[in-house]
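Notes for the one structure printed next.
Reckoned from all heavy atoms, side chains included, excluding hydrogens, waters and symmetry mates. Ligands are counted one by one from 1 in listed order, and the atoms in each one are counted from 1 as well. All residue numbers refer to positions in the sequence shown, counting from 1.
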Amino acid sequence: MGIHKATALLDDLIEKAGGCAIVDGGFATQLEKHGASINDPLWSALCLIKDPDLVKRVHLEYLEAGADILVTSSYQATIPGFIPRGFSIEEAESLLEKSVKLAVEAREKFWNAVKRNSRHSYNRALVAASIGSYGAYLADGSEYSGNYGPHVSLDKLKDFHRRRLQVLVDAGPDLLAFETIPNKLEAQACVELLEEENIQIPSWICFSSVDGENAPSGESFKDCLDVINKSDKVSAVGINCAPPHFIQTLIQKFKELTGKAIIVYPNSGEIWDGISKEWLPSKCFDDEKFELFAPIWRDAGAKLIGGCCRTTPSTIQAVSKALKERSGLDTF
Ligand SMILES: C[S+](C)CC[C@H](N)C(=O)O
Ligand SMILES: N[C@@H](CCS)C(=O)O
Ligand SMILES: [Zn+2]
């Protein structure tokens, strides 16, 4: 399948979803709700090793909540992250592959169960393989600063991302999800890699933001999106894991800067402390606020809406209810 045909898969999903598809919510957050302990440099990727059944269960919970797209458990799963934990390169690669397989298995299980009911309002979900930023791998919170230091070049970032990207694509996801990209250099690395590796499935590239105006590095979104707009491999651009009260303004800004579909999946508004590895309280949206704002974000131009850290299946259920009601689709 060529990139244009593969892109049609995402366009079809958005259309079937009534003009705005629903992305799942905080993956690591829901693992923790089930008691998983992920205070570790591997963060949620620890569960890929220790509790793959829980990974699948969380995917199923997001499907039940109404997610049209599942994001895999590979955000902080990397080959250089697994090797110091005693895994061989082959074992590390098979963990990456497993992250896609678990999401695909959950999608198939759920879809086979619901499609028998002619009155259901679900779509057959797509699986997006998560590619967390270099800062996620560093596990020092730098996905929220973009400060990688002077020694991190374009080539270094491409080298970091290349093999994981190849392995994830070979595992057969429908999409690629570049998440919490904090600076222009890494956006460029992602775009160049998609081209060099001749990737034939669509991608989204999402930035974090800490000031509601720019990428975390302080670079303007105009500069960042200029790099991405040139690529036909990237179907959607947007924001993930930034506070929800930034989102409306950022959608408006992105609409002026790109013709690509806009995707937003904010966190709850709590702030990640990369040193103490905990979420600090701040101005937050609860599920009701997500329900209220999802149609506002959709009407502002977002084509894909979900939640990130500290949101849960109940958040996605609220988003799903709001978007399906407003688009005239049945609620479940
Ligand atoms: C999206 S952040 C909360 C993920 C965890 C971070 N990379 C860390 O390891 O500190
Ligand atoms: N997909 C990841 C993103 C972390 S910012 C998660 O939900 O855990
Ligand atoms: Zn997040």
Checklist entry - Taking heavy atoms and a distance under 4.0 Å, where does A136 meet ligand 2: side chain, backbone, both or neither? => result neither
Next on the checklist: Only heavy atoms of E143, strictly under 4.0 Å: list the atoms of ligand 1 that pass.
Outcome noted: 1 (C), 2 (S), 4 (C), 6 (C), 7 (N)
Checklist outcome for this item: re atom 9 (O) of ligand 1, the protein heavy-atom contact at minimum distance is Q76 NE2, 2.8 Å
Checklist entry - Which atoms from ligand 2 have a heavy atom of T180 less than 4.0 Å away? => result 5 (S)
Checklist entry - Can the ring centroids of F27 and Y75 be said to lie less than 6.0 angstrom from one another? => result no
Checklist entry - Between the candidates W272, Y137, Y144, which shows the shortest non-hydrogen contact distance to atom 1 (C) of ligand 1? => result Y144
Checklist entry - Between K184 and E219, does at least one N-O distance fall below 4.0 Å, as a salt bridge requires? => result no
Checklist entry - Do other residues, nucleotides or ligands put more than 12 heavy atoms under 6.0 Å from the CD1 atom of I89? => result no
Next on the checklist: Between H161 and E186, is there a side-chain donor-acceptor contact under 3.5 Å, judged purely by atom types and distance?
Outcome noted: yes
Item to check | S268 side-chain N/O to F285 backbone N/O, donor-acceptor pair under 3.5 Å | outcome: no
Checklist outcome for this item: For K277, the atoms of ligand 1 under 4.0 Å from one of its heavy atoms are 8 (C), 9 (O), 10 (O)
Checklist entry - Can you list the steps and then say if L250 with V264 is a side chain to side chain contact (heavy atoms under 4.5 Å, CB included)? => result CA-CA 9 Å; L250 285 174; V264 292; over 6 Å; no
Checklist entry - Quick one: nearest non-hydrogen protein atom to atom 2 (C) of ligand 2, plus distance? => result E179 OE1, 3.7 Å
Checklist entry - CD of E15: more than 12 outside heavy atoms within 6.0 angstrom? => result no
Checklist entry - To which protein heavy atom is atom 5 (S) of ligand 2 closest, and what is the distance rounded to 0.1 Å? => result C308 SG, 3.5 Å
Item to check | Three-point angle C241:SG, the Zn ion (ligand 3), C309:SG, rounded to the nearest 10° | outcome: 110°
Checklist entry - Is any N or O atom of F27, backbone or side chain, closer than 3.5 Å to an N or O atom of ligand 2? => result yes
Next on the checklist: Testing S142, S133, C308 one by one against T180 for a side chain to side chain contact (heavy atoms under 4.5 Å, CB included), which residue passes?
Outcome noted: S133
Item to check | Under 3.5 Å: donor-acceptor pair, side chain of S74, backbone of A77 | outcome: no
Checklist outcome for this item: Per-atom filter on ligand 2: closer than 4.0 angstrom to a heavy atom of C241 are 5 (S)
Item to check | Lys/Arg-Asp/Glu bridge criterion (N-O < 4.0 Å) met for E108, R124 | outcome: yes
Next on the checklist: I want to know if ligand 2 touches A28 in the polar sense, i.e. an N/O pair below 3.5 angstrom.
Outcome noted: yes
Item to check | Close-contact set for ligand 1 against W279 heavy atoms, below 4.0 Å | outcome: 3 (C)
Next on the checklist: Could you check whether T315 and D287, counting side-chain N and O atoms only, form a donor-acceptor pair closer than 3.5 Å?
Outcome noted: yes
Item to check | Interfacing atoms of ligand 2 (cut-off 4.0 Å, heavy-atom, G26) | outcome: 7 (O)
Checklist outcome for this item: Contact region, F27 to ligand 1, non-hydrogen atoms below 4.0 Å, reads neither
Checklist entry - With a cut-off of 4.0 Å, which atoms of ligand 1 are near a heavy atom of A136? => result 7 (N)
Item to check | Atoms of ligand 1, numbered as shown, that sit under 4.0 Å from any heavy atom of Y75 | outcome: 1 (C), 4 (C)
Checklist entry - What atoms in ligand 2 come closer than 4.0 Å to a heavy atom of W43? => result 4 (C), 8 (O)
Next on the checklist: Within the 4.0 Å heavy-atom shell around C309, which atoms of ligand 2 are there?
Outcome noted: 4 (C), 5 (S)
